[in-house]
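The figures that follow rest on heavy atoms only: side chains count, while hydrogens, waters and symmetry mates do not. All chains are named by letter (A, B, ...) in the order of the sequence lines, taking the proteins before the strands, and each is independently numbered beginning at 1.
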2 protein chains.
Amino acid sequence: MSSSVTDQTGGTDRGDDRADRAGSRREQILREAARLFASRGFHGVGVDEIGAAVGISGPGLYRHFPGKDAMLAELLVGISGRLLAEGRRRRAAAGDAGDTLDSLVRGHIDFALDDRPLITLHDRELDRLRDSDRKLVRQLQRQYVELWVEVVREVHPHVAEAQARAAVHAVFGLLNSTPHSAVPRGGAVPDRTAMADLLHRLALGAFSAVGGE
Amino acid sequence: MSSSVTDQTGGTDRGDDRADRAGSRREQILREAARLFASRGFHGVGVDEIGAAVGISGPGLYRHFPGKDAMLAELLVGISGRLLAEGRRRRAAAGDAGDTLDSLVRGHIDFALDDRPLITLHDRELDRLRDSDRKLVRQLQRQYVELWVEVVREVHPHVAEAQARAAVHAVFGLLNSTPHSAVPRGGAVPDRTAMADLLHRLALGAFSAVGGE
DNA sequence: GCGAGGTGTTAGTGGTCGTTAACGTCCGTT
DNA sequence: AACGGACGTTAACGACCACTAACACCTCGC
């Protein structure tokens, strides 16, 4: 696999992408693991495969993570936490409730378009976590949902809490649909900004219909 | 596991639910397999587990299916085919384009609420199929999507095809969100008809916003 | 009554996979 | 120049798992 002629075993080899950002190898592993987990499922991907994706082989991963579960855990805790943090930041920065909802939608769309594998994993492989990690992720997710529910009910005060929560879940499903809509036919897929704009309109359209006829 | 005192090996034992509908054992196996696959993933469920869920043990399943893959294939082909057939039936039965879209939404909601595990599998475990089965399922899915796209573009003629297709995928994500929204807190989840009504409003609200500001 | 077929059972097998063990190389520090 | 730690390697182990083999029971149609 290594490109050096002597093909010795250890060492840094060559810095494949050079100029690695902080935590290079770890981040690289997490990125590839997310991609693989999303496309073939947590149980459908072997550690050898993840290793191969970053240029090392199999058990070398255990120098960076205590186990396969730990990679998934870090991915899910990470995305849940970042979603919540960004959501809170946006609520604090926005003006009235309408602007806040608008900003929340845009923020979530950014995640959905930029981190598709993570968004996929986020509601698909949660059950594969250890109890403590699953509890943490669920707590972060719940806080994020409640944040949205509060804002939705400020914009539409006559909507019951249960209805608002169900609507928020439904809109999440809408916004997270991008992983499924890739590669339709000859290649006539909207580009990023067009897709973001479309999703934004659809989400707000859905919310505006939440309050009965 | 069997409740008879002598606990002999073979035989029909007792008909657990009596009055079995047609293809009792097969259908029962498929139902339980769908539930298990949806909750823990195809690779996360063992054949012993599926067997235990229907009261037989492990390899007894091979009297009904040639393998574990075959169960998943039958489930996915079945749901895809039924979605498409019902969609076509509804388009033929409905009046103008607006009524047709309305009926399509209601029909999809029925599937989403009544066959949650299948809806979950439908866009989650597709890659685990043999090439021929996957091709078939994808073809059925594509035809179903195109059916919706045509109707959406009749209702909103100024919407480009790519936009309409992306919007249809997004609304599918919205309608299929029900599996994720179960068990929120103390139990304040909308009942079936309220949920169906809410999803219906949200979907039509989204579609009405698809055509620009 | 009695084979035949449908439907179970348990025991075993081959393969895959996550993880550990033992070892080697390179680099920065003293 | 020796050395410790970071980072890799290959080999092996133990668990799990889909699937097969061999055998048993129950229910029919004749």
Side-chain angles (χ1 to χ4, degrees), chain A residues 1-18 20 22-30 32-33 36-37 40-74 125 128-130, chain B residues 1-16 20 22-30 32-33 36-37 40-74 125 128-130:
Chain A
M1 284 300 171
S2 171
S3 68
S4 74
V5 176
T6 56
D7 201 16
Q8 297 176 336
T9 51
T12 329
D13 210 22
R14 45 186 186 134
D16 255 309
D17 355 35
R18 291 306 299 282
D20 301 340
S24 140
R25 224 31 188 297
R26 268 184 78 89
E27 302 296 330
Q28 188 189 9
I29 291 170
L30 286 175
E32 295 302 315
L36 290 167
F37 289 160
R40 300 225 289 287
F42 178 70
H43 284 119
V45 178
V47 290
D48 289 355
E49 226 167 335
I50 303 174
V54 300
I56 72 181
S57 217
L61 296 170
Y62 287 77
R63 297 290 171 195
H64 304 275
F65 296 92
K68 192 182 161 196
D69 303 334
M71 301 181 205
L72 182 63
E74 190 159 331
E125 308 281 0
R128 262 55 98 194
L129 258 49
R130 285 183 8 239
Chain B
M1 285 301 170
S2 170
S3 68
S4 74
V5 177
T6 57
D7 200 16
Q8 296 177 337
T9 52
T12 328
D13 208 27
R14 45 179 188 145
D16 254 309
D20 301 341
S24 139
R25 222 38 191 288
R26 268 184 77 89
E27 301 297 331
Q28 188 190 10
I29 291 170
L30 286 175
E32 296 301 316
L36 289 167
F37 289 160
R40 299 226 287 287
F42 179 70
H43 285 119
V45 178
V47 290
D48 290 355
E49 224 167 337
I50 304 174
V54 301
I56 72 181
S57 215
L61 296 170
Y62 288 78
R63 298 290 172 195
H64 303 275
F65 295 92
K68 193 182 159 194
D69 303 334
M71 300 181 207
L72 183 64
E74 191 160 327
E125 307 282 358
R128 262 56 99 196
L129 259 49
R130 284 183 8 237

Item to check | Rounded interatomic separation in angstrom, taking CZ from Arg63(B) and P from dC25(D) | outcome: 15 Å
Checklist entry - After noting the C-alpha distance and the side-chain angles of Glu74(B) and Arg26(B), does the key distance pass the side-chain contact (heavy atoms from CB on, under 4.5 Å) rule? => result CA-CA 11 Å; Glu74(B) 191 160 327; Arg26(B) 268 184 77 89; 2.6 Å; yes
Next on the checklist: Expressed as a whole number of angstroms, how long is the span from His64(A):NE2 to dT20(C):C1'?
Outcome noted: 17 Å
Item to check | Value in whole Å for how far the P atom of dT20(D) lies from CG of Leu61(B) | outcome: 13 Å
Checklist entry - Whole Å only: how far is the CZ atom of Arg128(A) from the C1' atom of dC17(C)? => result 17 Å
Checklist entry - How close or far is atom C1' of dC17(D) from atom NZ of Lys68(B), stated in whole angstroms? => result 8 Å
Next on the checklist: What contact category does Gly46(B) fall into here, base, sugar-phosphate, or nothing, at under 4.0 angstrom with non-hydrogen atoms?
Outcome noted: sugar-phosphate
Next on the checklist: Can you measure Arg25(B) atom CZ to dG6(C) atom C1' for me and round it to whole angstrom units?
Outcome noted: 13 Å
Item to check | Heavy-atom closest contact (Ile29(B) atom, Leu61(B) atom, distance) | outcome: CD1-CD2, 3.8 Å
Next on the checklist: If you only use heavy atoms from C-beta on, which nucleotide in dG8(D), dA18(D), dT9(C) is closest to the side chain of Ile56(B)?
Outcome noted: dT9(C)
Checklist entry - How long is the line joining OH of Tyr62(A) and C1' of dA22(C), in whole Å? => result 17 Å
Next on the checklist: Categorize Gly58(A) for me: base, sugar-phosphate, or nothing, with a 4.0 angstrom heavy-atom threshold over every strand shown.
Outcome noted: nothing
Next on the checklist: Ignoring hydrogens, what is the shortest heavy-atom contact between Glu125(A) and Phe42(A)? Give both atom names and the distance.
Outcome noted: OE2-N, 3.1 Å
Item to check | Atom-pair distance (CG on Asp48(A); C1' on dG18(C)), nearest Å | outcome: 9 Å
Checklist entry - Is it the case that Lys68(A) places NZ or CZ above or below the six-membered ring of Phe37(A), under 6.0 angstrom from the centre and within 45 degrees of the axis? => result no
